[in-house]
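Quick notes on the structure that follows.
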Amino acid sequence: MPTATATAEATATSSRTTRASSSKRADLVTPTSRASTRVDKGKKTEPTFEIVVLGSGGGPLETDCSGYLVKPAQKSWEDGLLALEGGSGLGALVSLLSTIPPSTLFPKISFPPEYNSPLLQAAYIFSFLTCYLITHAHLDHVQSLIMMSGSMPPRHSVQPKLPLISSTSESVVVPPRPCPPIFGTRSTLEKLAMVYGGQIWPEIAIWAPEPKSKGKSGHEEHEAQRNTKSGTRRKDKADYHGEVEDPYHWEFPREARHSACLSFAPLHPFREYQPLHPELPLSVSTYPVVHGLTSRGHYDSSAMFIRCRPDGTCPRAGSNGNGALRPRDQDPDAGRQVLFFGDVESSFRRPGDEDVDMDRRDLAGEMTRAIWTEAAKSWNEGMLCGIFIECSYETARPAGLLYGHLSPPSLWYEMETLAGLVSSSKSRPLDGLKVYITHIKDNLVPHPTGRTARDIIMSELWALEKQGQLGVEFIETKRGDRIVL
């Protein structure tokens, strides 16, 4: 059987077949409204998630970076939303609403009459943001988050009457200052915290206190002793005062209470599921992954299982958004989930490159296998809605220039790993699995074939599936998509 690399490279001679395949897919999934429902045992499952794609690219265009708005499918946007990644945000949504009717991206939402421009409508949507969830701290995943911090619009539906001291007799309503938590691994948040040291961006972010527990693991105890750099150092327990006043006021140090615009809420990695926010029936389980090499060693990124409770009730969370950790098999109300990858490196190596970066290769393989083991269990139980995973470069990209990203052969290798864990004997073990391709990097010079990077990469993936027959449906994720799954 030809190798994954050889199969992907052969797509240049079978473009007619590949283009025909893509046309059929376009009839099933439109650019502005994607509906994907997995069929289990002859019955269609109810949609679990609704996602609006603000940006899905991997650069170099700053207008199309990683940014997704997520909510439970059975809830309204006004009930609260999750910002998954923060590369594209408010500005991207303003641009989209300038060309796409708001009713296409956000069905059933009703804008107040005074919110009559793309800017105001985008701000209205963002006023329902409850928290951020980011996979790593590279700029194409956090740039909009940074620019937005300090300017977050207040919740439109919340209008507390807090009179402003004034020389006039009129009372001015002052909405509460939004201060959404940013969830991510401690390593990711420590990198992001460097931005808020006062030199690159104002000192408007603080660390949320972590929940009390009866005991800590060795890993947690070690992490608890770590401090971040100047301007964001963790406070001792005695520095925290007061109770939670509302979902936008977390338990801050007294001196920072009225100036903070963001709070860093570390996630505990590996198998526990952690509630995100009191207003969202969502919880997350985080796994570390490798994303290339720096002068200080390998760079951390992460993959996240995002789970939605089927009854729509919110899992109990602590006052800082850090709820009690709960293993998946101990939650009787566990719901369906999506698996979302940040930038990630595979242990796949081309023939002849097997000995390249052996240590990082082995580490990457160990980390991704842990994720696929959990994904296989979830898929076999009918709980995995889909996977969002990057594929930044085409097959022809030299291994030394992948910079910790995936190409079609390495992504196919990962799919084969998942398939082997699902079943070692079943034909088409991943039949019906929807894999949303993200982070494609656009070419800035014409390709010799005249095709775009997106066209090439998707064609190569479809060709690999056509030959390998795992049953995977590869779907290109585009800016402006609305995905229901």
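Position 1 is the first residue of the sequence, and the numbers go up from there. Worth saying up front: this structure is predicted, and the values here are computed from it rather than measured.
- A search for salt bridge (Lys or Arg N to Asp or Glu O under 4.0 Å) contacts involving Arg454 returns Asp64, Asp442, Glu476, not counting sequence neighbours.
- Rounded to the nearest 0.5 Å, atoms CG (Leu339) and CZ (Arg307) are 14.0 Å apart.
- In this structure, the side chain to side chain donor-acceptor pair (under 3.5 Å) partners of His138, at least two apart in sequence or on a different chain, are His291.
- Ring to ring, Tyr196 and Trp207 are not that close: their centroids are 6.0 angstrom or more apart.
- The closest side-chain donor-acceptor pair between Thr63 and Arg479, if any, does not fall under 3.5 angstrom.
- Under the 6.0 Å cut-off for aromatic ring centres, Tyr436 and Phe474 do not qualify, their centroids lying 6.0 Å or more apart.
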Checklist line | Step-by-step side-chain hydrogen bond (donor to acceptor under 3.5 Å, both in side chains) determination, Ser285 to Glu272 | finding: CA-CA 6 Å; Ser285 179; Glu272 294 85 359; over 6 Å; no

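- Shown here are the side chain to side chain donor-acceptor pair (under 3.5 Å) partners of Asp140, two or more places apart in sequence or in another chain: His439.
- To the nearest 0.5 Å, the span separating CZ on Arg336 from CD on Glu46 amounts to 10.0 Å.
- At least one donor-acceptor pair closer than 3.5 Å links the side chain of Thr130 to the backbone N or O of Leu81.
- To the nearest 0.5 Å, atom OG of residue Ser56 and atom CG of residue Asp481 are 7.0 Å apart.
- By the 4.5 Å heavy-atom criterion applied to side chains, Lys377 and Trp372 are not counted as neighbours.
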Check: Going through the checks in order, is the side chain to side chain contact (heavy atoms under 4.5 Å, CB included) test met by Ser144 and Ser88?
Finding: CA-CA 5 Å; Ser144 175; Ser88 287; 5.6 Å; no

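- The neighbour count for Arg397 CZ, taken as heavy atoms of other residues, nucleotides or ligands under 6.0 Å away, is above 12.
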Margin query: Tyr393 vs Leu401, test: side chain to side chain contact (heavy atoms under 4.5 Å, CB included). Steps then yes/no.
Written below: CA-CA 9 Å; Tyr393 297 110; Leu401 298 178; over 6 Å; no

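- With Glu390 contributing its side chain and Val344 its backbone, the two residues share a donor-acceptor pair below 3.5 Å.
- What you find for Val422 and Pro429 is that their closest heavy atoms are CG1-O, 3.6 Å.
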Next item on the list: Using the side chain to side chain contact (heavy atoms under 4.5 Å, CB included) rule, take Leu82 and Leu282 through it: C-alpha gap first, then chi angles, then the decisive distance, then the call.
Entry: CA-CA 9 Å; Leu82 164 69; Leu282 302 177; 4.2 Å; yes

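- Going from atom CG of Leu470 over to atom CG of Leu433 covers 9.5 Å, rounded to the nearest 0.5 Å.
- Counting only distance, with no hydrogens or angles, the side chain of Ser98 and the backbone of Val94 share a donor-acceptor pair below 3.5 Å.
- Listed for the Lys71 side chain is a donor-acceptor partner under 3.5 Å among the backbone atoms of Lys75.
- For the 3.5 Å distance criterion, the side chains of Tyr124 and Glu114 fail to qualify, holding no donor opposite an acceptor.
- Partners of Phe49 by ring-ring contact (aromatic ring centres under 6.0 Å, His included), not counting sequence neighbours: none found.
- Side-chain atoms of Gln74 come within 3.5 Å of backbone N or O of Pro47 as a donor-acceptor pair.
- Here Ile134 contributes atom CD1 and Ser302 contributes atom OG; the two are 8.5 Å apart, rounded to the nearest 0.5 Å.
- Counting heavy atoms from C-beta on, the side chains of Pro266 and Thr185 never come closer than 4.5 Å.
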Checklist line | Stepwise side-chain hydrogen bond (donor to acceptor under 3.5 Å, both in side chains) test for Glu414 and Ser346 | finding: CA-CA 7 Å; Glu414 298 300 331; Ser346 173; 2.5 Å; yes

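- Residue pairs meeting the ring pair (Phe, Tyr, Trp, His ring centres under 6.0 Å) criterion with at least one partner in residues 52-105, sequence neighbours excluded, are Tyr68-Phe340, Trp77-Phe106.
- Summarising the geometry, atom CG belonging to Leu133 is positioned 6.5 Å from atom CG belonging to Leu267; distances are rounded to the nearest 0.5 Å.
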Next item on the list: Apply the test side chain to side chain contact (heavy atoms under 4.5 Å, CB included) to residues Val338 and Leu485: give CA-CA distance (whole Å), side-chain angles for both, the deciding distance (0.1 Å), then the verdict.
Entry: CA-CA 9 Å; Val338 295; Leu485 72 160; 3.8 Å; yes

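- Residues Met458 and Ile475 share a closest heavy-atom pair of CE-C, 3.8 Å.
- The aromatic rings of His141 and His136 are tilted relative to each other, their planes meeting at an angle between 30° and 60°.
- Put simply, the side chain of Ile437 reaches to within 4.5 Å of the side chain of Leu461, judged on heavy atoms.
- Among residues two or more places apart in sequence or in another chain, the ring-ring contact (aromatic ring centres under 6.0 Å, His included) test is passed with Tyr403 by none.
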